[in-house]
Amino acid sequence: MTLRLYDSLRRAVCDVDPLQAGRLGLYVCGPTVYGPVHVGNARPFVVAQTLARHLRRQGWEVRVVSNLTDINDKIYAAAAAEGIDSRELAAREAAGYLADTSRLGLGRPDVEPKVTESLPGIIAMTEALIASGHAYVSDGDVYFDVGGFPSYGALSGQRVDEMQPEEVTAKKRAPLDFALWKAQKPGEDAAWDSPWGPGRPGWHIECSAMAMSALGEEIDIHGGGIDLKFPHHENERAQSEAMTGRPLARTWLHNGLLRFGGDKMSKSLGNVERLRDALDRMEPETLLMLFARAHYRSNVDYSPDSLEDAARSNDRLREALRRAARAAADAAPADGGPLAVAAAEADARFRAALDDDFSTPEGLAALFDLVRTLNAALDAGDQDPADAARARAVLVECLDVVGLAGLAAAADGPPAEAVALMEEREAARADRDFARADELRDALRDLGWAVQDLPDGPELAPL
RNA sequence: GGCGACGUGGCCGAGUGGCUAGGCAGCGGCCUGCAAAGCCGUCCACACCGGUUCGAUUCCGGUCGUCGCCUCCA
């Protein structure tokens, strides 16, 4: 099956043509670690990790690289505000980012380079650009000469003559030129040695250098938030391609943004919820469902209602998985039965949907269709355990791609206390003492268990 | 002002030149002592105006609106 993805440069969904057959390298711009990341920062991470999980399941060999920007103006500012060393703050927040995103249960990228550990490559690339005439030194700073890169603007669609200058500096030859190296300024408590004096790398060159060092001069897929398309990715492209003469990325993958209260969730607007706070008050699956039910290129509305919707969808999946587990009764999955056939169809639909511009919403629709078929069969009550086991196994495998396999985790069985109440309620019902039966149902609810009177007897389901 | 994306039923959210998305909610039914869970059926769509077409929600043009970027931003 062919993998297709939307390429922001070509502005179309295109077949992915890997540099090496069967292998894909994926670079995703990570956060600047000057404070705890918010839920929106988790989206490119989730997109990259889930895409990689799908691709690996499809037989690709995937290498995901995602950087941490731990040298930046905002880090100096945040450290100064706290009265601590900027390197200390960056290290703390980098660790925080790793810890927070790990809670999503999607594993880690294969390589997570930090700028502080990538200076030699950044300096070498800057030197090469100076040597080839694409960059120039100006009073301790180094700037990229945008005028020397004719296709500048092709990715973002920005026209050079229409653009407003990014910042007017006497050090620049042209307003659009951007810094590859910035000389240390007064008040900056950390600097790194370079041929141009102490300073720090510009934001854009970091990613170019780290991507190249981990994945080579040309990479299969370069991802990040759509808000990075300009200027960040445009500048990365210019630097890298000016240096190597090769396309930096074969596919530019941009994810949509998380909206919160009508606007983009962003630290500068202040409308943020920290990822760690979100994960303190909801299970990761809720967040993952919120993301998976929307296409990765769409904006996602982060609101109580949409989170509730996602949680309810998960409840439906969880309930179906629980029922299937019960019906499977530890039988080994077997093929050939009607549920196994339906499951195979759903699996094929799921894979095809994700192969077609990673349409997780369509993939989920296939799984929900399987859930309905499964529930109907379970209602009929005559399915083969091994058949139910197969359907459940397929469901779990597909859900695992988007990080939702946890929905299948066997909840602990009801405690003896709850079972006793349920049995007492059955006795009351047999005596047609429904008032007492309802009291006992309420008591069970207080214990966290819902009683379901199924055709073959009562059952306790976790609330 | 420039560039880009998008406007789908009560809400969210896919997709398609003529044929079922899916989830949540509503309504009717089955099951139930009543519920819950589940199943079946069902209401509610493709912003507006033109054009192309036998036929457009789906292609083209325009209008209006929303969002993102043009400055640090996932």
Side-chain angles (χ1 to χ4, degrees), chain A residues 6 8 11 28-32 34 37-48 66 69 72-74 77 153 155-167 176 203 223-232 234 254-259 262-269 289-290 293-295 297-301 303 305-317 319-320 322-323 349 353 356 359-369 371-380 428-429 432-435 437-438 441 445 450-455 458-459 461 463:
Chain A
Y6 183 87
S8 297
R11 294 160 212 272
V28 183
C29 292
T32 298
Y34 67 96
V37 294
H38 60 249
V39 183
N41 290 305
R43 181 111 106 129
F45 177 87
V46 170
V47 169
S66 185
T69 295
N72 181 282
D73 282 341
K74 293 201 168 185
L155 177 62
S156 59
Q158 303 284 339
R159 292 210 307 264
V160 172
D161 52 353
E162 293 283 353
M163 274 187 261
Q164 294 167 21
E166 110 172 354
E167 111 189 64
L176 287 173
W203 177 36
I226 186 81
D227 52 350
L228 292 188
K229 200 199 279 189
F230 189 89
H232 185 54
E234 194 72 73
H254 288 111
N255 61 268
L257 304 174
L258 195 68
R259 296 186 40 178
D263 295 308
K264 173 172 97 162
M265 182 182 286
S266 77
K267 286 175 203 157
S268 19
L269 289 175
M289 175 55 92
L290 181 75
R293 68 197 209 113
H295 189 98
R297 286 192 279 124
S298 301
N299 291 334
V300 166
D301 198 34
S303 69
D305 280 355
S306 59
L307 287 167
E308 177 61 20
D309 238 33
R312 300 295 319 172
S313 293
N314 282 343
D315 286 345
R316 179 167 167 80
L317 294 170
E319 177 68 6
R322 193 183 62 79
R323 293 184 72 195
R349 269 178 70 197
D356 186 10
S359 184
T360 51
E362 276 191 275
L364 285 177
L367 301 188
F368 277 107
D369 281 344
V371 163
R372 174 175 296 108
T373 303
L374 174 65
N375 279 330
L378 296 178
D379 275 0
R429 292 179 72 213
R432 303 194 67 77
D433 181 358
F434 296 123
D438 290 347
R441 180 161 62 199
R445 180 174 305 276
V451 61
Q452 299 177 3
D453 294 322
L454 301 175
E459 190 179 327
L463 282 173

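Just so we're on the same page: letters track the sequence lines, and every chain starts at 1.
Note on D369(A): only backbone sugar-phosphate atoms sit closer than 4.0 angstrom, heavy atoms only; bases stay farther off. Here G223(A) lies out of heavy-atom contact (under 4.0 Å) with every strand. Within 4.0 Å (heavy atoms only), F434(A) reaches at least one base atom of the nucleic acid. Note on G40(A): a base of the nucleic acid sits closer than 4.0 angstrom, heavy atoms only. Residue-level contact check: L258(A) touches the bases, meaning some heavy atom is under 4.0 Å from a base atom. Heavy atoms of M265(A) sit under 4.0 angstrom from at least one base atom. Counting any heavy atom pair closer than 4.0 Å across all strands shown, L364(A) reaches no nucleic acid atom.
Both G225(A) and G262(A) lie near RNA chain B, and the one whose nearest nucleotide falls closer to the 5' end is G262(A).
Checked against side-chain hydrogen bond (donor to acceptor under 3.5 Å, both in side chains), Q452(A) has the following partners two or more places apart in sequence or in another chain: E319(A). Shown here are the side chain to side chain contact (heavy atoms under 4.5 Å, CB included) partners of R259(A), two or more places apart in sequence or in another chain: N299(A), D301(A). For the side-chain hydrogen bond (donor to acceptor under 3.5 Å, both in side chains) test, residues two or more places apart in sequence or in another chain that qualify with D453(A) are R425(A), R429(A).
The base of rG33(B) sits within donor-acceptor range of the side chain of D438(A), with an N or O pair under 3.5 Å.
Here rG22(B) is the nucleotide among rG33(B), rG22(B), rG68(B) with the atom lying nearest to any side-chain atom of F368(A). Nearest nucleotide to the A437(A) side chain, out of rC72(B), rA74(B), rG33(B): rG33(B).
If you take atom P in rG55(B) and the same atom in rC67(B), they sit 37 Å apart, rounded to whole Å. Rounded to whole Å, the P atom of rC60(B) lies 22 Å from the corresponding atom of rG65(B). The same atom, C1', is picked in rU42(B) and in rU20(B); the two are 14 Å apart, to the nearest Å. Nucleotides rG18(B) and rU66(B) are separated by 31 Å at their C1' atoms, to the nearest Å.
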Using a 4.0 Å cut-off on protein heavy atoms (strictly under), produce a 5'-to-3' string for nucleotides 4-13 of chain B with B for base contact, S for backbone-only sugar-phosphate contact, and - for none. S-------SS

Does the protein touch nucleotides 35-46 of chain B at the base, only the backbone, or not at all? Give it as B, S and - per nucleotide, heavy atoms under 4.0 Å. BBSBSS------

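Salt bridge absent: D438(A) and R445(A) never bring a charged side-chain N and a carboxylate O closer than 4.0 Å.
L155(A) CG to H232(A) NE2: the interatomic distance, rounded to the nearest 0.5 Å, is 11.0 Å.
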Applying the Watson-Crick and G-U criteria (both distances under 3.5 angstrom) with [ ] for crossing and | for other-strand pairs, one obtains for RNA chain B (((((((..(((.....[...))).(((((.......)))))....(((((..]....))))))))))))....

